[in-house]
Chemist: 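Submitted below is the structure of interest, expressed as structure tokens.
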Amino acid sequence: MLFNLHSLVFELSKSHQSLSRTKELHALVTKASLLRDPFYATKLVRLYSLNNDLYSARNLFDKTPQRSVFLWNSIIRAYAQNHNFNDAKSLFQNMLRTQIKPDNFTYACVIRACSENFDFDGLRLVHGGVIVSSLGMDSITSSALISAYSNLSLVDEAIKVFNGVSDPDLVLCNSMISGFEYCGFWDKSLQLFNRMLRLGKNPDGYTLVGLISGIREPKLFSIGQGVHGFCLKSGFDSNDHVGSVLVSMYARCKCMNSAYGVFISLFQPDLVTWSALITGYSQQGNYEKALYFFRKLIMEGKKADPVLVASVLVAAAQSANVRSGTVIHGYVIQSGFELSVMVSSALIDMYSKCGFIDLGFRVFATMSERNIITYNSIILGLGLHGFAYQAFKMFQEIIEKGLKADESTFAALLCACCHGGLVNSGREIFRRMTEEFCIQPSTEHYIYMMKLLGMAGNLEEAYSFILSLSKPVDSAVWGALLSCCEIYGNSELADIVAQQLFTNDPRKGAYRVMLSNIYAGDGRWDDVKELRNDMVDGGIRKVPGVSWIAGRINIA
DNA sequence: TTAGGGTTAG
């Protein structure tokens, strides 16, 4: 035998064995007649699972007659981690029929699987099983329950679990802090953090990531700075996860100088941190900087991944920079990322936003796998370029393939109707969205409806549409109607719409300028004067609009 | 004489 028992166990315990090495070890274990021992089977199941070879993992599991709780947990986890939730659940049900009782780790794994699968009923059932098994106070199951309930936005249930544990440990506190953050209660997150400090519990990287992730508005900037100060004092700023989340936090607070400050203070920022910086610039509209840092990353010899490439393609699309977009496309091909549905969908979007729907369609046509995001990208692109008929054909394809149309699908279809002037189709697609697909319309859908009806001259219908809604709409919806009033020179309706806008957004100059133009078109010069004087007196200014055209380049 | 595992970032 090549190995003695000790070295075999040592080799099996390494979690980074390749698939071929795992197979070799499997052969050695078989040769030594050790396969019946659940210890060895567990180790091998784990290694196969880490190498995404579920088939071999399951085969091994099925052939092992003596199944310990460890072996059961390994195989359930293998399926759950591969997002094979139904199989994980049915394995768990099989386990319940055996003599082996699930333990806290089994429950933790199944709880997580239910949460990731949005299986509310399953989660409640498993929670019941936890209580029946007297594991309701256990830290392992409780932390999994807190995360699961929070991820399903059931924060009250998460709090109940947390309060049910008399002496919560660090992980339990971290789960609750992250749970509050996920559900939007950054203040509760901070309160719990302070309570931890008062009780003398030392936070770790997880605690700070949970806490900082909740700080995502410019008004919370000073709180973010305070937490950043804590990280510096306690040395957590060198933690990769904390560093990247600090960069994101400052970016979301619209302070890119601070985000960059954190970034350059890191000894070796990892890919996620680079990505946080680049996405930050992109989301703040500084596309040039986003593209610059992407080039810098590549020049430094680092390799981007699909998530980062998709993010940079957004910057190229938003800035209509097809030159950068094609360079990134080259990088995508070089790296084999065109197999990533996320990347290819971003390529479609980039080409269409840059005015090259033909190239976008070429990417679409060559994709072997397409998801709803792919279809949304191509429908939006076709719609923006006036190909409404083709956009609707794509929608038909979504339904035929059994994909689930979402709110972006309908926004893209409404956009296609707007660009094609298809009023009846637009009305029908809006009806189908709400009645057939049960999708709650968002501000974006309402804006498209205003444009669709208003641009066709159906201003009264557009106005009645807003009035028929049960909840007040965002100012942008009224703004869309006002712009249609401007096109048709309807100053009576414009007066009514403007009153809504001035009440909601008294400082926004654009609407006042729009109204003034409508008055001018109607010859109401006294009203124009009064409006302009009001603006001067109130110090209200309109932000000038900008537009640009990127030079068209020839692409074979 | 082992082994499965609860909470983090773009």
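Predicted model, so just to flag it, every value in this text is computed and none were measured. Below, chain A is the first sequence line, B the second, and so on; all start at residue 1. We use all heavy atoms of the structure for the numbers below, so side chains are in, but hydrogens, waters and symmetry mates are not.
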Chemist: Using nucleotides 7-10 of chain B, report all nitrogen or oxygen pairs with the protein that are shorter than 3.5 Å.
Modeler:
residue, atom, partner, partner atom, Å
B:dT7, OP1, A:R112, NH1, 2.7
B:dT7, OP2, A:R112, NH1, 3.0
B:dT7, O4', A:S175, OG, 3.3
B:dT7, O2, A:N174, ND2, 2.8
B:dT7, O4, A:Y206, OH, 3.2
B:dT8, N1, A:H241, ND1, 3.4
B:dT8, N3, A:H241, ND1, 3.2
B:dA9, N1, A:D270, OD2, 2.6
B:dA9, N3, A:S244, OG, 2.5
B:dG10, N1, A:D305, OD2, 2.9
B:dG10, N2, A:D305, OD1, 2.9
B:dG10, N2, A:D305, OD2, 3.3
B:dG10, N3, A:S275, OG, 3.0

Chemist: For A:F85, check ring-ring contact (aromatic ring centres under 6.0 Å, His included) against everything at least two apart and list the hits.
Modeler: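 A:F85 satisfies ring-ring contact (aromatic ring centres under 6.0 Å, His included) with A:H83 only.
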
Chemist: With a 4.0 Å cut-off on heavy atoms, is A:S139 in touch with a base, just the backbone sugar-phosphate, or nothing at all?
Modeler: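 Base contact.
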
Chemist: Are A:F39 and the base of B:dA3 stacked, counting only ring centres nearer than 5.5 Å and planes tilted under 30°?
Modeler: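 So no, this residue does not stack on that base, at least one cut-off failing.
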
Chemist: Residues two or more places apart in sequence or in another chain: which of them pass side chain to side chain contact (heavy atoms under 4.5 Å, CB included) with A:R112?
Modeler: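 A:E116.
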
Chemist: Do A:N376 and A:T409 have side-chain N/O donor and acceptor atoms under 3.5 Å apart?
Modeler: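 A pair is found: one side chain offers a donor N or O, the other an acceptor, under 3.5 Å apart.
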
Chemist: Please identify each residue that fulfils side-chain hydrogen bond (donor to acceptor under 3.5 Å, both in side chains) with A:R36, with sequence neighbours left out.
Modeler: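 Listed in chain order: nothing, the list is empty.
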
Chemist: Among residues two or more places apart or on two chains, list those pairs meeting side-chain hydrogen bond (donor to acceptor under 3.5 Å, both in side chains) that have a residue in residues 238-256 of chain A.
Modeler: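 Found A:H228-A:Y250.
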
Chemist: Using a 3.5 Å cut-off and no angle test, enumerate the donor-acceptor pairs between side-chain atoms of residues 118-128 of chain A and protein atoms at least two apart in sequence or in another chain.
Modeler:
residue, atom, partner, partner atom, Å
A:D119, OD1, A:G122, N, 2.8
A:D119, OD2, A:K89, NZ, 2.8
A:H127, ND1, A:Y149, OH, 2.7

Chemist: Using the ring-ring contact (aromatic ring centres under 6.0 Å, His included) rule, collect all pairs that involve residues 174-205 of chain A, keeping only residues at least two apart or in two chains.
Modeler: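 Pairs touching residues 174-205 of chain A that pass the test: A:F193-A:F230.
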
Chemist: Applying side-chain hydrogen bond (donor to acceptor under 3.5 Å, both in side chains), which residue pairs with at least one partner in residues 39-56 of chain A are found, sequence neighbours left out?
Modeler: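 For residues 39-56 of chain A, and leaving out neighbouring residues, the side-chain hydrogen bond (donor to acceptor under 3.5 Å, both in side chains) pairs sorted by first residue read A:S13-A:K43, A:T22-A:N51, A:H26-A:Y48, A:D53-A:S56.
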
Chemist: For A:K14 and B:dA3, give me the distance from atom NZ to atom C1', rounded to whole Å.
Modeler: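 So the two atoms are 18 Å apart, to the nearest Å.
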
Chemist: Near DNA chain B, under 4.0 Å by heavy atom, which residues of residues 47-68 of chain A?
Modeler: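 Listed by number, they are A:S68.
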
Chemist: Whole-Å distance between B:dA3 C1' and A:L34 CG?
Modeler: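 A:L34 atom CG is separated from B:dA3 atom C1' by 14 Å.
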
Chemist: Can you name the residues that form a side-chain hydrogen bond (donor to acceptor under 3.5 Å, both in side chains) with A:S18, not counting sequence neighbours?
Modeler: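 Counting only residues at least two positions away or on another chain, A:S18 forms a side-chain hydrogen bond (donor to acceptor under 3.5 Å, both in side chains) with A:S20.
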
Chemist: Once side chain to side chain contact (heavy atoms under 4.5 Å, CB included) is applied, do any residues pair with A:K101, and if so which ones, sequence neighbours excluded?
Modeler: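 So A:K101 forms no side chain to side chain contact (heavy atoms under 4.5 Å, CB included) with any residue.
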
Chemist: Give me the residues of residues 152-162 of chain A where at least one heavy atom lies under 4.0 Å from an atom of DNA chain B, by number, or none.
Modeler: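 Result for residues 152-162 of chain A: none.
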
